[in-house]
Engineer: 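Below is a structure I'd like to ask you about.
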Amino acid sequence: MKKNNARLELSKEAMKTYGYQIVDAIVEHHDTQSEKLPVALGSREEMDSLFLEEAPEKGTDPTEVLNFVLEKVMTTSTLMSHPKSYSFVPGPSNYISVMADSLATGYNIFSGGWAASPAAAELEIVTIQWLLKIFGFPKKKGGGIFTSGGSMANLTALTTARRIKCGDDFSKAVIYLSDQAHSSNIKAIRVLGFKKEQIRIIPTDIELKFSINKLKNCIAKDRLEGLFPFCLIATSGTTNTGTVDPLVDLGKICKKEDIWFHIDGAYGAAAILSKKGKQLLKGIEKADSLTVDPHKWFYQPYEMGCLLVRNHKNLSHTFTEKPEYLRDIEGNTSEINFYDHGIQLTRRFRALKFYMSLKTFGLKEFRDAITYNIDLAEEVESKLRKSKYWEVVFPATLAVINFRYNPIEKNYGEKELDAINQYISEKVVASRKALLVTTLLHGQVVLRMCLINPRTELKDIEDTFALCETFASEIEEQLAS
Ligand SMILES: Cc1ncc(COP(=O)(O)O)c(C=O)c1O
């Protein structure tokens, strides 16, 4: 390390050495990831003891810092791309996009306005057009924007819906979503300043879909009370069960009632690339806005969400501001400034990874990967149904499956079953061999797998079930004694 380095630079040779060390580490990780333990554990005390220090006044040799990070930071982070990371919505990612992200960061490309980086803006336009076509949105009128993730895409959508439908006065506006909608929607609604009384959480039916009858009743009642139903949030692929709301019917209701139709397809919408998914997602093309997260089932690394809209002018009407310091870079209207289509001004070049991975692998590889994921979950379902120990609680839907340990010869009560399945999950996670957590369905504790990683194999899942059964025997012994 040079003594005086106020330019924050390395020599060319040092940059190369450092860069190759990092690429080597990433490649090694990709090559050996499946042999590692996916789950990282660490208490605040343990992390403090590893990392807590004052900001160092003096620098350290770069390789020394890097080695410390590789040894201590990377090994203490759960691997969401690991084949045995089944929980939440995993992030399978892909190597091409990892490198594309490094390139975008390496050149530090500003993806806010056209004038600064026309090619970056154009690639965002092009890739958004690919997505518009995939989802059957209008090619010319439609538009969209890449965001940091699904939460920001939902917030961008709801901000747009409120501006277009309510203008400045939203005091009487009400918004509808189901009890299975993702929490980021409620967060967005709160961020936008809606009061509790303006939010209608509609109960779902036995299949965990938006109840149409209850929705219709609620809208009618709100109108009678002089309120203004302005937006409905449907989900295409609920986080819990992969359930797709009745999109065709909901679309019709929104059209008839002149309500903004937002679909949160953050994890599930990508399934449209498969035959089964396309069938299930019928009606998605009628949305006014659609959230879809490339960093979930389009296999992109974090952070990449996306909002698609039926009419791109709705985004610019909502987000365009014209400060004097941006007047020289406004450009003409065909040259999109993405800072006018969303919340961020300075934005990283997210489109690049999507562009490079789609160009490299081709859409067909993506279709095959998604089809594989859906088929794998169905195969797991049929294996579970044939087992004496396991019960399918909710069938495989868009690669999500919910199940619980419930051996036929035992006749456990609900409380015991909850305790057993909670125990299994806790022990599996503590073993660090698989990330398998629980959720609640109709009040029951169930285990849930979201199988969107194309590198997860049936063998991985069978090994995990064997592990679960070992822990099940443990707790059964405890219950029996
Ligand atoms: C249906 C749904 N919507 C929104 C989100 C939030 O997305 P993000 O975590 O990218 O902000 C998720 C995350 O799992 C999701 O499953």
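This structure is a prediction, so every number in the text was calculated from the model and none was measured. Residue numbers count from 1 along this sequence. Numbering of ligands and ligand atoms starts at 1, following listing order.
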Engineer: Quick check: does Y267 get an N/O under 3.5 Å from an N/O on ligand 1?
Structural biologist: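 Among all N and O atoms of Y267, none is under 3.5 Å from an N or O of ligand 1.
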Engineer: If you count the atoms of ligand 1 from 1 in the order shown, which ones are under 4.0 Å from a heavy atom of G149?
Structural biologist: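 Per the distance check, 10 (O).
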Engineer: Among all protein heavy atoms in this structure, tell me which lies nearest to atom 11 (O) of ligand 1, with the distance rounded to 0.1 Å.
Structural biologist: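 Here the nearest protein heavy atom works out to S151 OG, 2.5 Å.
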Engineer: For the pair Y267 and W297, name the ring-plane relationship: parallel under 30°, tilted 30 to 60°, perpendicular over 60°.
Structural biologist: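 Correct class here is parallel.
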Engineer: How far is atom 16 (O) of ligand 1 from its nearest protein heavy atom, and which residue and atom name does that atom have?
Structural biologist: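 Nearest neighbour among protein heavy atoms for atom 16 (O) of ligand 1, to 0.1 Å: T239 OG1, 2.9 Å.
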Engineer: Ignoring hydrogens and angles, tell me if any N or O in the side chain of T105 forms a donor-acceptor pair with the backbone of S102 under 3.5 Å.
Structural biologist: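 Such a contact is absent between T105 side chain and S102 backbone.
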Engineer: May I ask you to list the atoms of ligand 1 that are less than 4.0 angstrom from any heavy atom of V89?
Structural biologist: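 By the 4.0 Å cutoff, the relevant atoms are 14 (O), 16 (O).
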Engineer: For atom 7 (O) of ligand 1, which of K296, H182, K187, M152 has the closest heavy atom?
Structural biologist: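 Going through K296, H182, K187, M152 one by one, K296 has the nearest heavy atom to atom 7 (O) of ligand 1.
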Engineer: Below 3.5 Å, N or O to N or O, backbone or side chain included: is there any such pair between H295 and ligand 1?
Structural biologist: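 The answer is yes, given that H295 and ligand 1 share an N or O pair closer than 3.5 Å.
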Engineer: Check contact between S184 and ligand 1, using heavy atoms of the residue and a distance below 4.0 angstrom.
Structural biologist: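 It does, in that a heavy atom of S184 comes within the 4.0 Å cut-off of ligand 1.
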Engineer: Just to be sure I read this right, does ligand 1 sit under 4.0 Å from the backbone of N185, its side chain, both, or neither, counting only heavy atoms?
Structural biologist: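 No part of N185 is near ligand 1 at this cut-off.
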Engineer: Parallel under 30°, tilted from 30 to 60°, perpendicular over 60°: which one fits the rings of Y355 and W130?
Structural biologist: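 The arrangement is parallel - the two ring planes meet at less than 30°.
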Engineer: Hey, does G150 come in under 3.5 Å of ligand 1, counting only N/O atoms on both sides?
Structural biologist: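 For ligand 1, there is an N or O atom that lies under 3.5 Å from one belonging to G150.
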Engineer: For the pair E381 and R385, find out whether any cationic side-chain nitrogen is under 4.0 Å from an anionic carboxylate oxygen.
Structural biologist: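 Salt bridge present between E381 and R385.
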Engineer: Which of the atoms of ligand 1 are close to N154, meaning less than 4.0 Å from one of its heavy atoms?
Structural biologist: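 Here the atoms of ligand 1 in question are 4 (C).
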Engineer: If you draw a 6.0 Å radius around NZ in K36, do more than 12 non-hydrogen atoms from other residues or ligands fall strictly inside?
Structural biologist: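 Buried by this count: over 12 neighbours within 6.0 Å.
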Engineer: Applying salt bridge (charged side-chain N to carboxylate O under 4.0 Å, His left out), which residue pairs with at least one partner in residues 178-189 are found, sequence neighbours left out?
Structural biologist: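 Residue pairs with at least one partner in residues 178-189: there are none.
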Engineer: Could I get the full list of side-chain hydrogen bond (donor to acceptor under 3.5 Å, both in side chains) partners for Q279, not counting sequence neighbours?
Structural biologist: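 Q279: no side-chain hydrogen bond (donor to acceptor under 3.5 Å, both in side chains) contacts found.
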Engineer: Evaluating non-hydrogen atoms only, which member of I233, D264, T291, V292 is closest to atom 3 (N) of ligand 1?
Structural biologist: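 Among I233, D264, T291, V292, the closest heavy atom to atom 3 (N) of ligand 1 comes from D264.
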Engineer: For a quick test of reading the model, state the closest non-hydrogen atom pair linking D101 to R348 and the distance between them.
Structural biologist: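 So the two residues come closest at OD1-NH2, 2.8 Å.
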